[in-house]
Amino acid sequence: MSRNSPLALRLNTRAMVKTPHTLLDPMREYGDLVWLSNPNRWLVLSRSAALEVLRDPNLHVWTRRNSVERLQDRFDMDLSAVLKALDWIPFMHDGPRHAALRSAFARLLGSIGTDYLKAYEQTSSELLEVMQESGSGDFAAGYADRLHVEVFGHLAGVPPSERHAFHCATALDGTVQAASTVAKMQKACAQLDSVLERLQDLSKTETTSDFMDQVGAALIQSGLEDTAVSRSEFLLAFLLLGGDTQAGALTVGLAHLLDSNGGTLSLGSDDCQLPDKHCLVDEMIRISTPVQTSARYATKDTVISGQHIAKGDAVQLSLQAANFDPLAFECPHAVQSGRPKNVAFGGGRHLCSAMPLVRKTLAITLSHLETLGSIEALPGRTLAEDLTVRRFAHLPIRIPSRL
Amino acid sequence: MTDIDLASLALERLAIYLKRPVTPKDLELRYDELGADSVDMVSLAFEIEEAMGQPVSPEIFLEFETVKQALEAVASGHGDIIG
């Protein structure tokens with residue numbers, strides 16, 4: 001497909017989150033890569049082209065910092081808290097800054113991994129127990145959305161009474177990572193400022209835990225400055241990045257499993273036709289693909305899937321479309337074993353360093369769901385108002401009591 | 001605010017963002033032909049929001065082929081694109 005194609009394809013981001021396949025599947029007939037007249041960019045639809053993009057050294061990540069700075073200058077407003085968060089998100093950078101941030105996240109996740117999983121296991125049990133006792137609950141708001149903040153709070157020494165406030169202040173529906181209204185960004189800044197202030201307090205407290213020492217070590221070993229300010233900004237990114245994607249994989253993944261089993265799921269039962277847990281985790285990640293897209297721009301002329309991409313062109317990867325590419329994933333909506341690797345966590349130099357940890361947390365959740373016996377879907381599902389991470393804000397379920 | 005006023009606002013603001021004169025015909029161009037980027041669209045949504053006194057989502061500009069069509073939708077109070 002040529003850049004000058006008379007075909008006017010548009011990427012309606014709202015529709016992409018609400019009904020991704022209705023929007024994206026018809027575009028496949030025009031190729032692995034299509035030109036969007038709005039917004040002006042290439043859109044990657046196939047897994048093979050997505051892998052090419054992820055590995056192409058001439059395609060760099062889109063720097064959202066520039067966009068936020070332009071808005072800040074244009075309207076003479078203070079968006080510094082959003083900028084601080086962006087400065088610490090690895091996939092918002094390329095080059096030395098990206099390498100240092102990726103190293104810091106990988107080092108921290110490596111050193112806290114065991115403690116994180118232990119806290120996750122405990123939190124998951126407690127939250128599911130509440131639902132089991134009442135016979136029903138909201139798997140999104142009452143479980144998936146709370147896990148990461150609760151676990152973080154446990155590790156960082158945030159008292160349980162304060163964790164809800166942390167959750168509310170960091171539930172920004174993707175405002176930091178993607179285009180949003182200026183008003184939402186201003187509101188996000190106020191929330192982020194309060195979180196940063198509290199994180200700085202925690203960073204200064206000497207008695208918190210080994211966790212802060214591990215944070216400091218990860219920063220120093222990655223060549224980054226270790227101060228109360230840098231720790232707080234790094235931890236802000238840690239809070240923002242983990243929660244929504246984990247919630248997306250859990251809620252969209254569970255909803256899909258429920259729907260494909262007639263609304264009732266009995267994990268671990270003899271008549272359960274699902275693949276083993278290892279494959280099920282991968283399929284939940286592929287089918288949910290929480291992060292919808294990832295943007296790049298060409299620093300030099302390059303070629304993707306036979307298509308010339310000119311220097312300066314923007315390329316948007318639809319990770320969702322790539323993970324439902326029927327040429328790579330036969331019957332893409334079916335939960336099956338033996339699939340090729342999916343691209344939900346990106347790839348190449350931007351492969352998400354939290355991938356192994358997230359896979360383990362999903363396995364823990366599946367084990368815990370297995371102990372509940374059966375789970376039934378209830379009406380009242382709603383998708384979150386988040387245009388970057390696809391997840392349910394509400395996912396009511398019933399847990400029938402076992403006789 | 002009427003659609004005519006919205007068009008005037010868009011012409012004035014886009015001329016500043018794009019650093020060139022913008023005519024009513026430009027509002028009927030596809031976005032790739034107009035040369036506006038996502039920051040320009042977020043900015044324009046904000047300006048309209050300020051002028052109308054109600055929230056306008058920047059996604060509105062992704063839901064229509066031209067700025068003119070998006071402005072008409074805003075003026076007619078297309079509920080699910082405002083918010």
Side-chain angles (χ1 to χ4, degrees), chain A residues 2-18 23 34-43 62-77 79 82 173-175 178-187 293 295 297 312-314 316 385-388, chain B residues 6 9-20 22 25-74 78-83:
Chain A
S2 133
R3 197 183 193 288
N4 300 316
S5 165
L7 199 68
L9 295 176
R10 300 191 300 277
L11 190 67
N12 178 334
T13 39
R14 205 179 292 258
M16 189 169 65
V17 171
K18 284 187 178 169
L23 177 77
V34 296
W35 175 252
L36 300 170
S37 61
N38 179 18
N40 316 329
R41 59 189 62 172
W42 295 100
L43 178 70
W62 191 262
T63 314
R64 175 146 167 74
R65 187 176 225 290
N66 296 346
S67 304
V68 177
E69 279 178 335
R70 278 171 64 195
L71 284 174
Q72 191 172 244
D73 294 345
R74 230 172 231 184
F75 298 112
D76 192 25
M77 55 179 62
L79 299 175
V82 169
D173 283 340
T175 299
S180 180
T181 65
V182 176
K184 278 186 185 170
M185 268 192 274
Q186 285 177 303
K187 189 179 168 208
T293 67
Y297 72 96
D313 275 2
Q316 188 153 355
E385 290 290 320
D386 187 331
L387 300 178
T388 55
Chain B
L6 284 182
L9 176 69
L11 288 172
E12 183 202 325
R13 302 319 296 174
L14 285 171
I16 295 169
Y17 304 157
L18 303 178
K19 296 186 174 77
R20 65 170 176 82
V22 177
K25 275 281 172 203
D26 288 315
L27 302 186
E28 296 175 41
L29 292 175
R30 283 175 17 174
Y31 290 85
D32 52 351
E33 296 163 338
L34 179 64
D37 66 14
S38 61
V39 175
D40 298 325
M41 294 300 108
V42 170
S43 303
L44 187 55
F46 181 62
E47 301 273 9
I48 295 169
E49 186 174 300
E50 293 275 283
M52 292 183 75
Q54 59 178 309
V56 175
S57 167
E59 279 78 45
I60 189 177
F61 294 109
L62 295 175
E63 295 179 22
F64 294 91
E65 209 167 303
T66 66
V67 173
K68 187 182 178 193
Q69 289 171 2
L71 295 179
E72 285 166 355
V74 171
H78 191 327
D80 58 0
I81 50 173
I82 296 176

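Lettering follows sequence order; numbering is per chain, from 1. Small disclaimer: the values here were computed from a predicted structure and weren't measured. Computed over heavy atoms, backbone and side chain alike; hydrogens, waters and symmetry mates excluded.
The structure places CZ of A/F75 at 4.5 Å from CD of B/E47, a figure rounded to the nearest 0.5 Å. In this structure, A/L71 CG and B/S38 OG are separated by 8.5 Å, a value rounded to the nearest 0.5 Å.
Between A/R70 and B/D37 there is a salt bridge, with a side-chain nitrogen of the basic residue lying less than 4.0 Å from a carboxylate oxygen of the acidic one.
Contact of the B/E33 side chain with the A/S37 side chain is not registered, since no non-hydrogen atoms from C-beta on lie closer than 4.5 Å. Using a 4.5 Å cut-off on side-chain heavy atoms (C-beta onward), B/E59 and A/N12 make no contact. You'll find the side chain of A/M77 reaches within 4.5 Å of the side chain of B/F46, heavy atoms only. For the pair A/R74/B/I16, no side-chain contact is recorded, criterion being any heavy-atom separation below 4.5 Å from C-beta on.
The parts of B/Y17 that come within reach of chain A are both its backbone and its side chain, each placing non-hydrogen atoms under 4.5 angstrom from that chain. Contacts of B/E49 with chain A are made by side-chain atoms alone, with heavy-atom separations under 4.5 Å and no backbone atom involved.
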